[in-house]
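Notes for the one structure printed next.
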There are 2 protein chains.
Amino acid sequence: MKSTIEEVALVLKLLGDKTRLKMVKILESRECCVCELVHLFDMSQPAISQHLRKLRDVGLIFESRRGQWVYYGLNRQYENFPFVCTLLNQLPSQEGLLESLEKQGLRVLCD
Amino acid sequence: MKSTIEEVALVLKLLGDKTRLKMVKILESRECCVCELVHLFDMSQPAISQHLRKLRDVGLIFESRRGQWVYYGLNRQYENFPFVCTLLNQLPSQEGLLESLEKQGLRVLCD
DNA sequence: TTATCGTATAAGTAAATGCTTATATCCTTA
DNA sequence: TAAGGATATAAGCATTTACTTATACGATAA
C-alpha cells in the first residue's frame, strides 16, 4: 500500500539533511556506535546524538546498547523501509569512510 | 553518474514539504497555471508562488507564460529528474484533484 | 489610457531547525 | 564505592522556513 503524500514528505524532510542522509547510508552498511559516527562527522557528540534521535523517533533506525556503547542500525522493519531503500540505492557508497575508520584503529568492537 | 549525498539531500529537502511534494506530483500529470494550483491548496497566492519559485530555481519545474497566465510543468531535463521520478512513482496519484477542478469549472484553458 | 485580472516580489513574523556548551545519566572497572 | 568513559538531555542561540498582508508588475481589453 502506498504511503500518503504527507507521510512521504515527513520522511523526505528527515532525510533532507546531509548529515542524516549520510548517517543512514552508513548504517545501511553496518551498525555503528555513536563514537564511531562522531569520528565520521565534523560535529559535536551531542549534535550526533540529536540526529540519531530524530531518526530513531520515527523508527528508521534502532538502538542497541552493548556495554557502555550504544549501537545504531537501519531498521529494516520500518514501515517506509522499501521507500527509503530506493533512495539509498541511488546514493554513492560510504563504505570507504568505515574502512578508513578501521585503518585509523577507531573501529569499536565490543563482543 | 550518481549524485553526491549533498546534492541528493538538497533535493530531498526541497521535496520534504507536503505542499511542494504534492505540487510536483500534480505537475507530473500535466502543466498547471498558478491560479489552478491556488485552488488546490488552502493557502494564499503568494505562498503558492513562493513554493513554485523554489522548485523552479533548482530547475525541477519550468515556467511558461501564456497570455496573462503563467503555466508550470515538470522539467524532464532536470539533472536529477530520474531520481525525482523514482520518488514520484511511489506517491499516490493526485489526478483526482485535477478532475474535480474541471468539474468545478476551474480549469484554465488558454489556447 | 485606464481598469482589471493574474502573478511576483517585498517586508514582517512566528515557529522550526541545527548547532553549541554545560550537565546529567548509565555502565564498567579499579 | 568512586572514577572515568560513552551517551543523552537541557538550555541557549543564530539561522532558516513557511506563511501572512501589502504592493508592484505584466498582459488584456474596454
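All values below come from the heavy atoms of this structure, side chains included, with hydrogens, waters and symmetry mates left out. No experiment lies behind these values; they were computed from the predicted model shown. In what follows, chains are A, B, ... by sequence order, proteins preceding strands, each numbered from 1.
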Tell me whether [X] contacts the main-chain N or O of [Y] through its side chain, where contact means a donor paired with an acceptor under 3.5 Å.
X: B:R20; Y: B:L14; result: yes
X: A:E36; Y: A:C33; result: yes
X: A:K25; Y: A:S93; result: no

Just how far, in rounded Å, is [atom2] of [N] from [atom1] of [X]?
X: B:L15; N: D:dT17; atom1: CG; atom2: P; result: 14 Å
X: B:E63; N: D:dA27; atom1: CD; atom2: P; result: 12 Å
X: B:Y71; N: C:dA8; atom1: OH; atom2: P; result: 13 Å
X: A:Q68; N: C:dA30; atom1: CD; atom2: C1'; result: 14 Å
X: A:I48; N: C:dC19; atom1: CD1; atom2: P; result: 8 Å
X: A:L55; N: C:dG18; atom1: CG; atom2: P; result: 11 Å
X: A:L21; N: C:dG18; atom1: CG; atom2: C1'; result: 16 Å

Look at all strands and tell whether [X] reaches a base, only sugar-phosphate, or nothing, counting heavy atoms closer than 4.0 Å.
X: B:K54; answer: sugar-phosphate
X: A:R20; answer: sugar-phosphate
X: A:K13; answer: sugar-phosphate
X: B:F41; answer: nothing

Looking only at side chains, do B:S100 and B:Q104 share a donor and an acceptor under 3.5 Å apart?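 No, no side-chain donor-acceptor contact under 3.5 Å.
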Side-chain H-bond candidate by donor/acceptor type, B:S64 with B:E31, under 3.5 Å: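 Distance-only check fails for B:S64 and B:E31.
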Examine D:dA8: is either OP1 or OP2 under 4.0 Å from a nitrogen or oxygen in the side chain of A:R53? Give yes or no.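 No, because none of the side-chain N or O atoms of A:R53 sits under 4.0 Å from OP1 or OP2 of D:dA8.
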Whether A:Y72 contacts D:dA6 is assessed here as follows: a side-chain N or O lying under 4.0 Å from the phosphate OP1 or OP2. Is that the case?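 Negative; the distance criterion is not met.
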[options]: which one has an atom nearest the side-chain heavy atoms of [X]?
X: B:S44; options: D:dA6, D:dG26, D:dT21; result: D:dT21
X: B:Q50; options: C:dA10, D:dA10, C:dT17; result: C:dA10
X: A:D17; options: C:dG18, D:dT7, D:dT9; result: C:dG18
X: B:A47; options: C:dT7, D:dC19, C:dA10; result: D:dC19
X: B:W69; options: C:dC27, D:dA8, C:dG6; result: C:dG6

Looking at D:dA6, does its base get a donor-acceptor pair with the side chain of A:Q45 below 3.5 Å?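 Answer no: no donor N or O sits under 3.5 Å from an acceptor.
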When you match A:M43 and A:R65 each to their closest nucleotide on DNA chain C, which lands nearer the 5' end?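 Final value for this comparison: A:M43.
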